[in-house]
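Here's the structure, in structure tokens; my notes come after.
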Protein chains: 2
Amino acid sequence: MSPPLSPVRTRNAAATRTAILEAARRRFAHEGYDRTGLRDIASDVGVDAALISRYFGGKEELFEEVLTCAPNIAEFLEGDRAGFGDRVATMMAIEPMREEKFELFLIMLRSASSPKAAAAIRRHSSEAFFQPLEAWLGGEDAAVRARVLSCLMMGATMNRMIHEDYLLDDSQRRELCDALARTLNHFVSSEA
Amino acid sequence: MSPPLSPVRTRNAAATRTAILEAARRRFAHEGYDRTGLRDIASDVGVDAALISRYFGGKEELFEEVLTCAPNIAEFLEGDRAGFGDRVATMMAIEPMREEKFELFLIMLRSASSPKAAAAIRRHSSEAFFQPLEAWLGGEDAAVRARVLSCLMMGATMNRMIHEDYLLDDSQRRELCDALARTLNHFVSSEA
DNA sequence: GGGACATGTCATCAGTTGGTGACTTCTAGG
DNA sequence: CCTAGAAGTCACCAACTGATGACATGTCCC
């Protein structure tokens, strides 16, 4: 009768792989490792779940590959050093949490307690988060300062996840943003 | 032959209920809502899983009841105001994470991304964590300061969960503890 | 045009989960 | 002692999960 509204999926292994990877990234970020099923990801892409196991080997391997191609902390380390606190605090307290920027945090926070995902998260967050941050900070106590910064960033994300912002009004969110920015900048510039 | 080493469980509904509640609290704290099965809890107590559903109605109701009887933030609000930062920072950075003190945080952090547990956590963390903390802080911007404190506490716990401390040695942990204590105290005493 | 291979689907499996109703067993009160 | 009801168990269900091997289909090259 009518032609299909969405173009017929043309066979293309590379494109399908990428589509699976992106759908998986979104799912893992929004639902966490345990709560996303291969069938969910497959139906997002419009493909059979068996294909995912065939392409990636299994759910754990898929998760590992998602981590390696997820956005990392580099974005926040670009730009001037003095602006770091404001950039991060704005993202944490003001910007809508649907942004792609949050995906790495969300994946880590929502999947960290899953034993099958924990090892990959530990390894990846060390390589793609802590080590770059520590190197960027520099100085002898960089590891400790990186840890404090990480506490603030993860804690802020976790708080928003739990409370969905409904405890703070707009002006309070700006206050929170200022407080976070000042604290972040303090640990960027000074000694711990 | 030999008398049973552990005393034979004598039938006592109240004691069994309490035992289930405690086992459930430990399980939810260590594994999170989704990953703890009723059968796990039941076998910890030495009882059949069906009994849990019969006593509590279901897993969700059990979780709610666990939350209401879990230790809350009150413990940290006792004692002198100036010592708050050190008390909390020591717990966060130095003390072993197996302590009961962590259970509320662990339950929240490990179960927050589970839709069935989220509502209960949001409600309970508001009543048993934020509101007491906010009231204890006092002042006009208490809500914002409570949020910053909460970011630090949850973030520190989350970081330890992910990295199991293996990124920091003892002297770095003391530095981290100092930095956290100073920052916590800052938001306890001053305006945001 | 017609194989041949890559691409994707289907049916199905074993394991796990929360939940339910029928059953057994213990114990307190008469 | 002995029975009624509480306390606890058992067998089972339906739903879901990740995974696998057999099968179907599209596409490209000769």
Side-chain angles (χ1 to χ4, degrees), chain A residues 3-4 6-24 27-28 30-66 110-111 113-120, chain B residues 3-4 6-24 27-28 30-66 110-111 113-120:
Chain A
S6 61
V8 175
R9 173 168 216 82
T10 148
R11 292 194 170 197
N12 180 340
T16 304
R17 244 188 92 96
T18 310
I20 290 172
L21 232 28
E22 281 178 11
R27 283 280 182 180
F28 285 139
H30 288 17
E31 332 271 353
Y33 181 85
D34 283 328
R35 278 167 297 278
T36 77
L38 293 181
R39 286 166 176 82
D40 301 327
I41 300 170
S43 88
D44 287 348
V45 180
V47 105
D48 191 277
L51 203 63
I52 301 183
S53 290
R54 283 170 69 81
Y55 275 12
F56 296 91
K59 194 181 175 184
E60 290 188 51
E61 292 92 326
L62 171 64
F63 185 73
E64 292 230 21
E65 197 153 336
V66 163
R110 290 206 165 110
S111 308
S113 55
S114 178
K116 299 207 175 157
Chain B
S6 62
V8 175
R9 174 168 217 78
T10 147
R11 293 194 169 196
N12 179 340
T16 305
R17 245 188 91 96
T18 309
I20 291 172
L21 232 28
E22 280 178 11
R27 282 280 181 179
F28 285 139
H30 287 18
E31 332 271 354
Y33 181 85
D34 283 328
R35 279 167 297 278
T36 78
L38 293 181
R39 285 166 177 83
D40 301 327
I41 300 170
S43 90
D44 287 348
V45 181
V47 106
D48 191 276
L51 202 62
I52 301 183
S53 291
R54 284 171 69 81
Y55 275 12
F56 297 91
K59 194 182 175 184
E60 290 188 50
E61 291 92 327
L62 171 64
F63 185 74
E64 292 231 20
E65 196 153 338
V66 163
R110 291 205 163 111
S111 308
S113 55
S114 178
K116 298 205 177 159

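Letters A, B, ... mirror the listed sequences (proteins, then strands); counts begin at 1. The structure displayed is predicted, hence computed values, not measured ones.
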Next on the checklist: Let's test your reading of the model: under 3.5 Å, does the base of C:dT17 pair with the side chain of B:R39 as donor and acceptor?
Outcome noted: no
Next on the checklist: Measure NZ/B:K59 against P/C:dT17 and give the value in whole Å, please.
Outcome noted: 9 Å
Item to check | Minimum-distance pair of heavy atoms, taken over all atoms of A:F56 and A:E61 | outcome: O-CB, 3.0 Å
Checklist entry - Of A:R54 and A:G37, whose closest DNA chain D nucleotide lies nearer the 5' terminus? => result A:G37
Next on the checklist: Testing the basics here: between A:L38 and A:K59, what is the closest heavy-atom pair and its distance to 0.1 Å?
Outcome noted: CD2-CG, 4.0 Å
Checklist entry - Does A:T16 have a side-chain nitrogen or oxygen under 4.0 Å from the phosphate oxygens OP1 or OP2 of C:dG8? => result yes
Checklist entry - Reckon A:F56 touches a base, only the sugar-phosphate, or nothing at all at heavy-atom distances under 4.0 Å? => result nothing
Checklist entry - Roughly, in whole Å, what's the span from NZ in A:K116 to P in C:dT16? => result 10 Å
Item to check | Comparing A:A49 and B:D48 on DNA chain D - which has the more 5′ nearest nucleotide | outcome: B:D48
Checklist entry - Is there a donor and acceptor pair closer than 3.5 Å between the side chain of B:R11 and the base of C:dT25? => result yes
Checklist entry - Aromatic rings B:Y33 and B:F28: how do their planes relate, parallel, tilted or perpendicular, breaks at 30° and 60°? => result parallel
Item to check | Presence of A:S53 side-chain N/O under 4.0 Å of D:dA19 phosphate oxygens OP1/OP2 | outcome: yes
Item to check | B:F28 CZ to C:dG18 P, straight-line distance once rounded to whole Å | outcome: 9 Å
Checklist entry - Starting at CG of B:D34 and ending at C1' of D:dT17, how long is that distance when rounded to a whole Å? => result 13 Å
Item to check | Spacing of B:E64 atom CD and B:K116 atom NZ [to the nearest 0.5 Å] | outcome: 13.0 Å
Item to check | Closest to side chain of B:T10, choosing from C:dT27, C:dT7, D:dT20 | outcome: C:dT27
Checklist entry - Within the structure shown, what part of the strands sits under 4.0 Å from B:L51 by heavy-atom distance: base, sugar-phosphate, or nothing? => result base
Checklist entry - To the nearest Å, how far apart are B:N12 CG and D:dA7 P? => result 8 Å
Checklist entry - According to a strict under-4.0 Å criterion, is B:Y55 in side-chain N/O contact with OP1 or OP2 of D:dG8? => result yes
Item to check | Atom-pair distance (CD1 on B:I52; P on D:dG8), nearest Å | outcome: 12 Å
Checklist outcome for this item: A:I41 atom CD1 is separated from C:dG8 atom P, nearest whole Å, by 16 Å
Checklist entry - What distance separates B:L62 CG from B:T36 OG1, expressed to the nearest 0.5 Å? => result 8.0 Å
Checklist entry - Base, sugar-phosphate alone, or nothing: which one does B:A13 contact when heavy atoms must sit under 4.0 Å apart? => result sugar-phosphate
Checklist entry - Please give, in whole Å, the distance from D:dT17 C1' to A:Y33 OH? => result 11 Å
